[in-house]
Amino acid sequence: MSKRTIRQQEFDLFVPRMNSLPLKDQREVMERPFFSLSKRKRLKPIEYTSPDGEVWVHVSANPAFGIATIWDADILIWATSRINQMREAGENDLPRTLHTTTYDLLKAIKRDTGGKGYRELQAALQRLEATTIQTSIRGTKRNTKAQFGWLDEWILESDAVTGAPKGLTLTLSNWVYEGVIKDRSLLTLHADYFALSGGVERAIYRIARKHAGDQASGWTCRVSVLHDKTGSESPLKQFNYLLKRIVAANDLPEYDASFVNAADNSPAVHFIRRDAAERAAIKADLARLAANSERRTREDARTLAVDGLFEKRKVKPSGER
DNA sequence: GGAGCCAGCCCAACCCATTG
DNA sequence: CAATGGGTTGGGCTGGCTCC
């Protein structure tokens, strides 16, 4: 009997490894600064308020661990993706607690499985559990304050004899869980997301993915707003420098980025999906085809009406949605 | 004063040869 | 296959330098 089979029996909710897990993340989290972008320990809190003052986010660190980083968030993306997959498979009771092995998790988020990989995984779990968040997003009531972390609990098991890492159990905090199971709260990240090595790069992609989405004309954001949305600790002038390199490289998955001037002439970045033109053309084609087939169907209907066949032919309305 | 630029620091991520 | 740790790379950020 293989080790794997034993593990599967141990964990009723054992999550099998999948190579092509569609990556999902919460749109509300993607567009706001919730994570540290630096590889160095960040203790300075993230204090964010949206331009209209409606949305605010406060993230603070436990001094022992620092604020959870945008790389630590990969674990949350993994968990979100797993739960979403279960939902799409038609499961009714979606778990808040997931079981896996450290190896499988590290592989899934495209991380090294060396000794340091495991130590770093533990550090990531510590940061995710110990980072405290307050936000108006999904606040239950007005004048209510609530504080939570990303994870409620994590348990790392190691082999009693060899000390080798074995099982991992993690429980999402209620706020995260509610966001995952809520309808239409998730967006798909490109499969290359984990390959993005830069923290700012990742933050920018997440924001572009959320805002530019599939819009035919793309989306423009002022640099200063982008700076706030990423939560970067660098001063604006340094952020400018980092941003310039990202825009010049134009290497983000899915989106083209270019510098433009905003309506008030301040510097801004325009994001547009690379295949936006293609997609628009395909949509138009589909709409035209659908319209044609509808017309033909109506003509057919006249000829077929005698047989009463038309009733059985359900023609989809034209266009998407 | 401040905008732009960038070397250097620190450290996590990554690469890889090696081991049961 | 799973795990290890030595070595290297490259990231954000700090702080300094230049030029306006």
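Letters go in sequence order (proteins before strands), and every chain restarts at 1. Only a predicted model underlies this, so the values are computations on that prediction, with no experimental measurement involved.
Between atom CD of residue Gln26(A) and atom OG of residue Ser185(A) there is a gap of 6.0 Å, rounded to the nearest 0.5 Å. Residue Gln85(A) holds its CD atom at 10.0 Å from CD of Glu91(A), rounded to the nearest 0.5 Å.
Smallest separation of non-hydrogen atoms from Pro95(A) and Tyr177(A): O-CE1, 3.3 Å. The two residues Ala208(A) and Phe271(A) have their closest heavy-atom pair at CB-CD2, 3.7 Å. Nearest heavy atom pair, residue Lys24(A) against residue Ser81(A), reads N-OG, 3.0 Å.
Taking for each of Leu242(A) and Lys237(A) the nucleotide of DNA chain C with the nearest heavy atom, the 5'-most of the two is the partner of Leu242(A).
Proximity of residues 221-231 of chain A to DNA chain B (heavy atom under 4.0 angstrom from any strand atom) is not detected for any residue. The stretch residues 33-42 of chain A touches DNA chain B through Lys39(A), Arg40(A), each having a heavy atom within less than 4.0 Å of the strand. Residues from residues 197-206 of chain A with heavy atoms under 4.0 angstrom of DNA chain C, sorted by number: Ser197(A), Gly198(A), Gly199(A), Val200(A). A heavy atom lying under 4.0 Å from DNA chain B marks the following residues of residues 112-119 of chain A, by number: Asp112(A), Lys116(A).
Ion pairing between a basic and an acidic side chain is recognised when a charged N comes within 4.0 Å of a carboxylate O; Glu120(A) and Arg127(A) show such pairing. Under a 4.0 Å N-O distance rule, the pair Arg209(A)/Asp25(A) does not qualify as a salt bridge. A salt bridge is absent between Asp228(A) and Arg32(A): the closest approach of a Lys/Arg side-chain nitrogen to an acidic carboxylate oxygen does not fall below 4.0 angstrom. Under the 4.0 Å criterion applied to side-chain N and carboxylate O atoms, Glu28(A) and Lys182(A) are assigned as salt-bridge partners.
The nearest whole Å value for the distance from the NZ atom in Lys44(A) to the C1' atom in dT14(C) is 12 Å. Taking atom CZ of Arg111(A) as the reference point, atom P of dA2(C) lies 18 Å away to the nearest angstrom. Atom CH2 in Trp71(A) sits about 10 Å away from atom C1' in dG10(C), given to the nearest Å. Here the C1' atom of nucleotide dA3(C) and the CD atom of Gln122(A) are 16 Å apart, to the nearest Å. Atom NZ of Lys107(A) is separated from atom P of dA2(C) by 8 Å (rounded to the nearest Å). Nucleotide dG10(C) holds its P atom 16 Å from the CD1 atom of Ile246(A), rounded to whole Å.
Nucleic acid contact class of Lys244(A) (heavy atoms, under 4.0 Å, all strands): sugar-phosphate only. Within the nucleic acid shown, Glu233(A) comes within 4.0 Å of sugar-phosphate atoms alone, with no base atom in reach, counting heavy atoms only.
Every pair tested for ring pair (Phe, Tyr, Trp, His ring centres under 6.0 Å) that includes a residue from residues 106-127 of chain A fails, sequence neighbours excluded, so the list is empty.
Val223(A) places a side-chain heavy atom less than 4.5 Å from the side chain of Asn240(A).
Residue Arg245(A) has its side chain nearest to dG12(C) when only dA3(C), dC13(C), dG12(C) are considered.
The side-chain tip of Arg202(A) points at the ring of Tyr193(A) from less than 6.0 angstrom away and within 45° of straight on.
Ring pair Trp175(A)/Phe148(A) is parallel by interplanar angle, where below 30° counts as parallel and above 60° as perpendicular.
One side chain, Thr101(A) or Asp104(A), offers a donor N or O that lies under 3.5 Å from an acceptor on the other.
Between chain A and DNA chain B, the heavy-atom contact criterion of under 4.0 Å yields a 5' to 3' nucleotide range of dG4(B) to dC16(B).
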request  = Start with the C-alpha gap between His190(A) and Tyr205(A), add the side-chain angles, then the distance that decides, and say whether side-chain contact (heavy atoms from CB on, under 4.5 Å) holds.
outcome  = CA-CA 10 Å; His190(A) 193 269; Tyr205(A) 167 74; 3.3 Å; yes
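Aromatic ring centroids of Phe35(A) and Trp71(A) lie 6.0 Å or more apart.
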